[in-house]
Amino acid sequence: MVMQEDFEQYAEKAKTLPNNQTNENLLILYGLYKQATVGPINTTRPGVFNMRDRAKWDAWKAVEGKSKEEAMNDYITKVKQLLEEAGMPA
């Protein structure tokens, strides 16, 4: 359960990231978070006019094959990277 605790800790730290994160990085975090917490994507792809939700759906779909543990580990690694880039403690 250490992985779950670390994941939850870094999910909280992700909320402290500066607001200047790229959409690409935010979508990566979103997809990994959803894969780690929900599992494989379980909704239909939003329509072409709903671009925000469609991008989020695509980010989640991109990590569909990862296990819960892999998604958690990748999420933690990405948050650490973004914190370090922002000059914040990881």
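Keep in mind that the numbers below use all heavy atoms, side chains included, and drop hydrogens, waters and symmetry copies.
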Do [X] and [Y] have side-chain heavy atoms sitting under 4.5 Å apart?
X	Y	value
Q4	E8	yes
D6	M72	no
V38	W60	yes
L17	L26	no
L82	M88	no
Y33	F7	yes
K78	Q81	yes

_Shortest non-hydrogen contact between Q35 and V63, atoms and distance_ =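 What the structure gives for the nearest pair is CD-O, 3.4 Å.
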_Nearest non-hydrogen partners of A71 and L32, listed with the distance_ =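 Here A71 and L32 meet closest at CB-O, 3.7 Å.
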*CD/E85 to NZ/K80 distance, rounded to the nearest 0.5 angstrom?*
14.5 Å
*Rounded distance [0.5 Å steps], CG in N50 versus CZ in R45*: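 Answer for the CG-CZ pair, N50 versus R45, is 11.0 Å.
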*How about E5 and Q9: does a side-chain donor come under 3.5 Å of a side-chain acceptor?*
no
*Apply ring-ring contact (aromatic ring centres under 6.0 Å, His included) to the pair Y75 and Y10, showing each step before the final yes or no.*
CA-CA 8 Å; Y75 182 89; Y10 278 93; 8.3 Å; no
*Shared hydrophobic cluster, L83 / L29 (ILVMFWY, side-chain heavy atoms < 4.5 Å)*: yes
*Might you confirm whether atom CG of N20 has over 12 heavy atoms from other residues, nucleotides or ligands at distances under 6.0 Å?*
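Yes, enclosed.
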*asked:* Tell me whether K56 contacts the main-chain N or O of L27 through its side chain, where contact means a donor paired with an acceptor under 3.5 Å.
replied: no
